[in-house]
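The chains referred to below are lettered A, B, ... by the order of the sequence lines, with proteins before strands, and numbering in each begins at 1. Everything quoted here is computed from the prediction, not taken from an experiment.
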2 protein chains.
Amino acid sequence: MRIGLNLKGLAYENVPVELRWKDSDHETDAFRALNPQTNVPVLEVGNEQLQQSLAILEYLDRIQPAPPLVPADALGRARAWSIALHVACEIQSLNNLRVQRYLINELKLPDTVLSPWQLHWITVGFDAIEQQLASSSYTGTYCHGNTPTIADCCLVPQVYNARRPVVGADMARWPTIARIYDTCMQHPAFDAAQPKNQPGFESPALH
Amino acid sequence: MRIGLNLKGLAYENVPVELRWKDSDHETDAFRALNPQTNVPVLEVGNEQLQQSLAILEYLDRIQPAPPLVPADALGRARAWSIALHVACEIQSLNNLRVQRYLINELKLPDTVLSPWQLHWITVGFDAIEQQLASSSYTGTYCHGNTPTIADCCLVPQVYNARRPVVGADMARWPTIARIYDTCMQHPAFDAAQPKNQPGFESPALH
């Protein structure tokens, strides 16, 4: 979401929400009242609270069409969306904290399952996306063509995640994804969205 | 996806893909060649293969704008998308077969964890969506207003899933979702998309 806001050049106030193993802000009653889905991020627009990163990116593209975050043609749009959704639905959703908590707290699995769990879903997901990117002439310097789209907005944070020591993914397995990630990191909108460039950033939690 | 195609009145050929515990069609080499993401559904349009249900619904809305699957206003669009994405990312992605397989085959958990696992993510997800629907004046006979949107296209199959004996969710906990589901099932586009009305339908697999 931050990447999208930056790409659009839209001003926003950044309110960090603590995501830690226990007693996270995002499961407090106050945050639940703001956002019944109890997920981050939330974009507050006047009295409305928008939820789900991709819904927010879609909204940003409506209120501020330039630069576009989705290709103009219907097939291109579907392709960019499918990459973004693959990251959101097949990787991010499986590796988030609430799932990790369930594995440990409810299924009573040892902490040692968490790194392989995360690496597994990143590997399955990136294998698929790498093949999709490498086999298509629509892939450019970015996931779709030569400007950033929602696909890049979703893929880049996941590569950041994958490279954390706790996951330890070796990006050499996915050369096209790695190349696009490097391209994105040269872009000021992506760079400014990095966790280390956010207010209140501390070194990542263990999980 | 079937619901969206039916709502748009678009003709399509339905090719069933076997989703079973082992050796599913969708993980064969032939299906992987067609769809690197190895997920269902896939929509073939000429030589292009479109993946991810929501990307396909977005595509259908572009090529056949009437009736619209998303509200016209930016905030309404974001709301309908957020409900659809919540189902796709926070429920469906966690309960699909590949995750269930990982729990059993890799984490060596007993089969008995599968029903509680599915019910847990349905409960967490539906609790959030119920609150979002019940607390908003945008909710109508359908999730957003009085015509079906992508939110309903995603929610209905998940309610179908939740009601299967293997999951055993009691929909009384989510009266707004249950009411919208009942409304949808009166709609011919939703009824025609039911699994039992598909070619090659057999009674559901155990998992």
Heavy-atom pair with the smallest gap, counting every atom of A78(B) and A55(A): O-CB, 3.6 Å
Euclidean distance, I56(B) CD1 relative to L85(A) CG, rounded to 0.5 Å: 10.0 Å
Most contacts with chain A, counted as non-hydrogen pairs under 4.5 angstrom, among I63(B), V70(B), V45(B), L109(B): L109(B)
Parallel, tilted or perpendicular: rings of W117(A) and Y102(B) (30°, 60°): perpendicular
Under 4.5 Å from any heavy atom of chain B - which part of Y138(A): side chain
Parallel, tilted or perpendicular: ring planes of W81(B) versus W81(A), cut at 30 and 60 degrees: parallel
Contact class of L50(A) relative to chain B, heavy atoms under 4.5 angstrom: side chain
Gap between atom OG of S82(B) and atom CG of L43(A) - 0.5 Å precision: 12.0 Å
From CG (L94(B)) to SG (C89(A)), nearest 0.5 Å: 10.0 Å
Most chain B-contacting option - heavy-atom pairs closer than 4.5 Å, from L54(A), L103(A), L75(A): L75(A)
When L107(A), V113(A), L60(A), L57(A) are compared by non-hydrogen pairs under 4.5 Å with chain B, the top option: L107(A)
Inter-residue atom distance Q52(B).CD - R79(A).CZ, 0.5 Å rounding: 13.5 Å
Contact winner vs chain B - E58(A), E106(A), R77(A), heavy-atom pairs under 4.5 Å: R77(A)
